[in-house]
Amino acid sequence: MDELGLVVELKNEYAVVNIQRKSACGSCKACELGKSGLSEINVNVKNILGATIGDRVMIQMQTPDVLKAAFTVYMIPLMALLIGVTGTYALQQKTGNHNEMTMMLVGVVMMLLSFVYVRFKDNKIKATQKFEPLMTEVVKAK
């Protein structure tokens, strides 16, 4: 996934790049643009090409990495909720005790625990910089 952006600020070894929302962003929701409803977003990108304020730069994010991040953020909590509810239901079937509130409570607790796991995983992934956007080129004006 490639995006063209404008460098609006420099912070140490990072450039703050302003990216305009495309029409396809409305349905994707993989990044902050799709979720926020904003028409633009500022992204911190390591300034490996020495871009300066006012430069247009190409930013690249590997599609498999975006999909892995979306899976982690959305599917793990959903799966935890479902496992909590269905696991509690199966246990209640064996004991003959049926309580929907217990099923719901266990599901919600499992989902909350998964949010803690996702947050921990997020901090670990940020340290590797694997999911960070990459500045690939400075685009010269014609």
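What you see is a predicted model; the values in this text were computed from it and never measured. Counting from 1, the numbers follow the sequence of the chain as shown.
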Shortest non-hydrogen separation from S114 to P77 and the atoms involved: OG-CA, 3.1 Å
Got a second to check how far T136's OG1 is from L49's CG, nearest 0.5 Å? 7.5 Å
Is I41 reachable from I53 through a run of I, L, V, M, F, W or Y residues, each pair having side-chain heavy atoms under 4.5 Å apart? yes
Is it true that V109 and I76 fall in one hydrophobic cluster, defined by side-chain heavy atoms closer than 4.5 Å? no
Value for CD (E137) from CG (D2), rounded to nearest 0.5 Å, stands at 8.5 Å
In Å and rounded to the nearest 0.5 Å, what is the CG to CD distance from L4 to Q20? 10.0 Å
Remaining members of I83's ILVMFWY cluster at a side-chain heavy-atom cut-off under 4.5 Å? V106, M110
Minimal heavy-atom distance between M103 and V85, with the atoms involved, is O-CG2, 3.6 Å
Apply side-chain contact (heavy atoms from CB on, under 4.5 Å) to the pair V17 and V57, showing each step before the final yes or no. CA-CA 8 Å; V17 180; V57 294; 3.9 Å; yes
Set of residues satisfying side chain to side chain contact (heavy atoms under 4.5 Å, CB included) with respect to E100, sequence neighbours excluded: none
In one Ile/Leu/Val/Met/Phe/Trp/Tyr side-chain cluster, 4.5 Å: L134, V43: yes
Taking all non-hydrogen atoms of both residues, which atom of A51 and which atom of V7 are closest, and how far apart? CB-CG2, 4.0 Å
Would you sort out whether Q93 and H98 count as a side-chain contact (heavy atoms from CB on, under 4.5 Å), showing the intermediate values? CA-CA 7 Å; Q93 287 286 57; H98 297 286; 2.6 Å; yes
What is the distance from atom CG of L105 to atom OG1 of T88, rounded to the nearest 0.5 Å? 8.5 Å
Roughly how far, to the nearest 0.5 Å, is the CG atom of L82 from the CE atom of M111? 10.0 Å
Not counting sequence neighbours, which residues clear side-chain hydrogen bond (donor to acceptor under 3.5 Å, both in side chains) with E13? List them please. none
Partners meeting side-chain hydrogen bond (donor to acceptor under 3.5 Å, both in side chains) with N99 (sequence neighbours left out): T102
Do you know which two heavy atoms are closest between I19 and G5, and how far apart they sit? CG1-CA, 4.3 Å
Taking every heavy atom of I59 against every heavy atom of M135, the minimum-distance pair comes out as CD1-CA, 4.2 Å
What residues, two or more places apart in sequence or in another chain, satisfy side-chain hydrogen bond (donor to acceptor under 3.5 Å, both in side chains) together with T95? none
Going hydrophobic residue to hydrophobic residue with side-chain gaps under 4.5 angstrom, can you get from V108 over to L113? no
Just verifying a value: how many Å separate T86 OG1 and M79 CE, rounded to the nearest 0.5 Å? 11.5 Å
The criterion is side-chain hydrogen bond (donor to acceptor under 3.5 Å, both in side chains); which residues satisfy it with Y117, sequence neighbours excluded? none
Testing the basics here: between L10 and A15, what is the closest heavy-atom pair and its distance to 0.1 Å? CD2-CB, 3.9 Å
Could you see if Y14 belongs to whatever hydrophobic cluster contains L6? Use Ile, Leu, Val, Met, Phe, Trp, Tyr and a side-chain cutoff under 4.5 Å. no
